[in-house]
Peer 1: 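Questions regarding the structure given below will be posed in turn.
Throughout, protein chains are lettered first and strands after them, A, B, ... in sequence-line order, and every chain is numbered starting at 1. Just so it is clear, the values below take in all heavy atoms, side chains as well, and ignore hydrogens, waters and symmetry mates.
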Amino acid sequence: MESLTLTDVEQKYYSDLFVYCDTDNTKKVASNGRVLDLFRAAQLPNEVVLQITELCGATRLGHFGRSQFYIALKLIAVAQSGLPLRVESLNSVKDLPLPRFVVAKNEQEARHTALYPDLENQGSYQGVIPRPPGRGQIKKVSAHEVIQPCLPTVEPQPDTTSPVVSPHQSPPTSPHAWRKHKRQASGGNLERPPVVVAGAVWTPFREAQSGPVVTGDGMWSAHSPPPVQESWVSLKDTHPPSSSTLPPMHPSSVQVENSSIRTLASATTANEIQRQSSSGYDDPWKITDEQRQYYINQFKTIQPDLNGFIPGSAAKEFFTKSKLPILELSHIWELSDFDKDGALTLDEFCAAFHLVVARKNGYDLPEKLPESLMPKLIDLDDSAEVPDQATDVGYSGSPVEVTPNKSPSMPSLNQTWPDLNQGNEQWETFSERSSSSQTLTQFDSNIAPADPDTAIVHPVPIRMTPSKIHMQEMELKRTGSDHTHPTSPLMVKPPELSEETKLATSMKFLNCYLFMWTCDGYSSSDSYTSDQDPITSIVARQRSHSGTSPEGLKVVAAPPPPPPRPHASHSRSSSLDMNRTFAAVSTGPQQAGGVAYPPAVPPRPLPTQTSGPHSGHRSDEGLAAHSTTSPQQIPEQPNFADFSQFQAFAASDQPGDDGEKHAESLPVRPGPLRTMKSESQEERANATAKGPIMAPPPKPVRRRLKSEDELQDETLPPKSNVIATVLATQPSIPRSVGKDKKAIQASIRRNKETNTVLARLNSELQQQLKDLLEERISLEVQLEQLRPFSHL
Amino acid sequence: MAVCIAVIAKENYPLYIRSVPTQNELKFHYTVHTSLDVVEEKISAVGKAMADQRELYLGLLYPTEDYKVYGYVTNSKVKFVIVVDSSNTSLRDNEIRSMFRKLHNSFTDVMCNPFYNPGDTIQSKAFDGMVSAMMVQAS
């Protein structure tokens, strides 16, 4: 026979197999029957088997000696790995996987029942280990066997130990179990005196295991997890010197496991687990259905709701019963608490329990949670356990990343690793962001509106009827006028704003809208006040001047403090009408408005005609409001305004008077403003119609004033309209709504007329400018033409 | 990138301290111990604001010629101290912050473990793994 070098693993494996096959207990020759069965289990073609038997020399000998058996096993391994069968390959092939022998379960059970009725429980699980105790002895004697010689003493107690041992079988596959049994056996032997029972359990198990190694190996080598093997191997190495070299953990764990398992598990369920575990040979960490059911039952004892959590404290108590060291329990917890919430879901609990059982059976805890133990998000299907990321480090299971990955069909852990690693990073960043609450708070603070007073953020464009546009225009002009009228009583009016809170609020929004629309650079407060001022001022003036109305009626040249708007138009005759109308439109208290301008120049025909009815209307209103003004205003009807056209001209030559009158009229009511505006329109119309008859400079001046007035007019009337509408609701202002509407419409028309007039004026001025520029250019050209000569 | 990482409990005894083994570990232990004074000083500096406004990240506690010491305090007065080599100039403040954040997260996970008694030394493998990742790889 060629020399055969076997690794320790192989040695052990082969020896176990040999023992298994050594049904005759000859210790030297493996029964052909068994061997052939074994070879058949190797799932190799018959030709290969024959070749192997030939190669190993069994055919020569007629039987399988130990060496032949070993060679045969090695050749089987070679064949299974797809390598050609060569004698040389026996030693040349490195890292050859152990030969795999697949055994049907029925076969296992049959063997079990036939051979090992005592250890039925275990046998069922072992199935593959139907080895009578006697074999154990033989095995024990074998040099390769690490099993301690204490076997015989333990043998008589297989029954008592079987139930205890059963739980140990629960974890994965028999090979593992076998391995662990080795450990356990040694451990049991260590603790001989106190753990006789355990030892008894171990040893018979070991025996049983060694027998069915064939079948067990099938599963065993199927997955051959290196760590377990290594640990097993290392353990095996420690065996020969003395069992005492075993880590104390194992014996203690063994004992602990025994007792704890008794407390924890029922024999039946344990048996079930064992049976189940024997079938789950694909994944060492896979939880079988029976196991899972057992875990679920245990879960229910703590937490009746399967969808609920087991708090950490309860879980701690529960798992502490397993008598595992706290450090290991802590590690198990770290592995199983997938979402790091301090509580265990059903999946997490099952994983933890599984790990505990595995640990008790001697398996080392993995560094990372195995795939099959990953908690699933959706269902409890055992076979569909998802290979999610292992709980590595404190990055936790990144539940954010896990949940999407939790699908029953995630096969490869490797694929998920990088994903989860990235997920970890994302999780880290997420947690980093979350931990930096400062940024959040800062952000929140930025959201808060800076100044509610400005109300710029939410401009409520209150549609103040068609006057909104007018309001905007008024706002434009109004703001412009504000600057030109430093003595703007409008600014003084703010204190009176309190009187009209309702109006203020409504106007505020309007102002805001206007403000936004105009995008003026005016400060919010300014615009606000400015916006509100005209309105409020109008109202205020109307109200404030109510007291002066009686006087205003009489006063002609010396009205109350002149407003910033010189209502030149007020000096017109028509302004009286307007005054009346405005007086009527505006607040009731307004009384002196119209009266204050007896010498008001009658409005121009155009505006007056258009606005006549309005003015008349307003005058009516004014009449209603101020009876004193009526006698003066009545005669100033639109028709009458025609005649006053010249007077308007005359008045237009007197900007000062106009201003006065404007000033007078302004504080009174918007009516006068209207008239002023109309007057200005008249002036302009006249100016445009008659050409530069009127001195252009004065016109611009007048126009300026009037423009301001108009602005004020235009701004005020709409606002007065607004005020009218608003004030109409106020009981303190006795006015008829109908008249207000008419006044508003009149003011609208007047504004439009003013607009057209202004536009015309603008175009004319532009034209003049162009002409002048051309003249200048021509002059310059001439000059230059002359100059060169001069230079010469 | 750190040379030494330490977790100190509220009572100022170390829960976990680990340094690059090649160097004189005792020196780092001493450094961490002295840094506690600076940490206390920074904690007490806030006064009325209490922990609400006190930032967890303390920043550079004090530099020496060889290395720099950074501090981080949790709301439960558990301190994290990181000692980095001064020659490693590439480390920015954000990186140090992220390291502390990871430490804090890992520490939280350790705390969540019901088998961990607060006050015990941290023996979590996950925590060790995370710290190892942060230690100086070059060494």
Peer 1: Are there over 12 heavy-atom neighbours, none belonging to B:His33, within less than 6.0 Å of that residue's NE2?
Peer 2: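 No, NE2 of B:His33 has 12 or fewer neighbouring heavy atoms, counting only those of other groups under 6.0 Å.
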
Peer 1: Which of the residues A:Ser330, A:Pro311, A:Ala314 is involved in the greatest number of heavy-atom pairs with chain B at under 4.5 angstrom?
Peer 2: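 Looking at each of A:Ser330, A:Pro311, A:Ala314 in turn, A:Ser330 comes out on top.
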
Peer 1: Taking side chain as everything from C-beta outward and backbone as N, CA, C, O, which of these in A:Leu329 sits under 4.5 Å from a heavy atom of chain B? Side chain, backbone, both or neither.
Peer 2: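 The answer is both parts of A:Leu329.
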
Peer 1: By a 4.5 Å heavy-atom criterion (distance strictly below it), what part of A:Ser313 contacts chain B: side chain, backbone, both, or neither?
Peer 2: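 Only the backbone of A:Ser313 comes within 4.5 Å of chain B.
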
Peer 1: For chain A, find its close neighbours in residues 112-122 of chain B: heavy-atom separation under 4.5 Å, sorted by number, or none.
Peer 2: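 Residues B:Cys112, B:Asn113, B:Pro114, B:Phe115, B:Asn117 are the ones that qualify, each having a heavy atom under 4.5 Å from chain A.
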
Peer 1: Give a yes or no on this: more than 12 heavy atoms of other residues, nucleotides or ligands lie within 6.0 Å of atom OH of B:Tyr30.
Peer 2: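 No, OH of B:Tyr30 has 12 or fewer neighbouring heavy atoms, counting only those of other groups under 6.0 Å.
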
Peer 1: Roughly how far, to the nearest 0.5 Å, is the CG atom of A:Leu335 from the NZ atom of B:Lys125?
Peer 2: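 Reported to 0.5 Å precision, the distance equals 8.0 Å.
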
